Amino acid sequence: MEVLIPITDQTTASGRRTCDPNLHLRLASDDAEAWAGVFKAISHPVRLQILDLISQGEGETCACDIERHFDLTQPTISHHLKVLRDAGLISSESRGVWVHHRMNASALTALQAIIGNIRP
């Protein structure tokens, strides 16, 4: 037998609402899972710094301009770039011996919107 408990509108002593019937999930489970992957990609300090460097590149940044800022091997930098690329935050294009990276503006705009919806 299912017991239904009515949701009532109550307030605490501080005036904060509890049992708010207007609360709802703004992210579907699949979307939340996808965004969690993006947040995981930017959770590493080096990847966050790489994103910052690419964003300063007026449209695109050469890998050589990224590598010189870190005391890391080229394969390690490439790994971090791949994680950012797989998360959809950047795109890359080979030109000769160098690879140029650019921000994915639509992904970053969507990320800003997600973060903007979370308020204290």
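Heavy atoms only: backbone and side chains are in, while hydrogens, waters and symmetry mates are out. These figures come from a predicted structure and were not determined experimentally. In this chain, residues are counted from 1 in sequence order.
- A side chain to side chain donor-acceptor pair (under 3.5 Å) check over residues 105-120, counting only residues at least two apart or in different chains, returns the pairs Asn104-Ser106.
- Closest approach of Pro21 to Cys19, counting heavy atoms only: CD-O, 3.1 Å.
- Taking both residues in full, the closest heavy atoms of Met103 and Ile54 are given as SD-CG2, 3.4 Å, listed atom of the first, atom of the second, then distance.
- Sorted by first and then second residue, the side chain to side chain donor-acceptor pair (under 3.5 Å) pairs with a member in residues 61-73 read Thr73-Thr76; sequence neighbours excluded.
- Counting heavy-atom neighbours within 6.0 Å of Leu25 CG, excluding the residue itself, gives a total of 12 or less.
- Of all the heavy atoms in Leu111 and Trp35, the pair that sits closest is N-CH2, 3.5 Å.
- A salt bridge does not link Glu58 to Arg102: none of the charged nitrogens lies less than 4.0 Å from a carboxylate oxygen.
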Donor-acceptor pairs under 3.5 angstrom involving side-chain atoms of residues 81-91: please list them, not counting sequence neighbours.
| unit_1 | atom_1 | unit_2 | atom_2 | d |
| --- | --- | --- | --- | --- |
| Lys82 | NZ | Asp86 | OD2 | 2.6 |
| Arg85 | NH1 | Ser92 | OG | 2.8 |

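- When the side chains of ILVMFWY residues are joined at heavy-atom separations under 4.5 Å, either directly or via intervening members, Phe70 and Val99 end up in two distinct hydrophobic clusters.
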List the atom pairs, donor and acceptor, that lie under 3.5 Å between side-chain atoms in residues 41-51 and the rest of the protein, sequence neighbours left out.
| unit_1 | atom_1 | unit_2 | atom_2 | d |
| --- | --- | --- | --- | --- |
| Ser43 | OG | Lys40 | O | 2.7 |
| His44 | ND1 | Val46 | N | 3.1 |
| Arg47 | NE | Ala41 | O | 2.6 |
| Arg47 | NH1 | His80 | ND1 | 3.0 |

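- The stretch residues 91-120 participates, sequence neighbours left out, in no ring pair (Phe, Tyr, Trp, His ring centres under 6.0 Å) pair at all.
- Listed by chain and residue number, Asp52 satisfy the side-chain hydrogen bond (donor to acceptor under 3.5 Å, both in side chains) test with Gln56 (two or more places apart in sequence, or in another chain).
- Counted by atom type alone, Ser78 and Gln74 present one or more donor-acceptor pairs between their side chains at under 3.5 Å.
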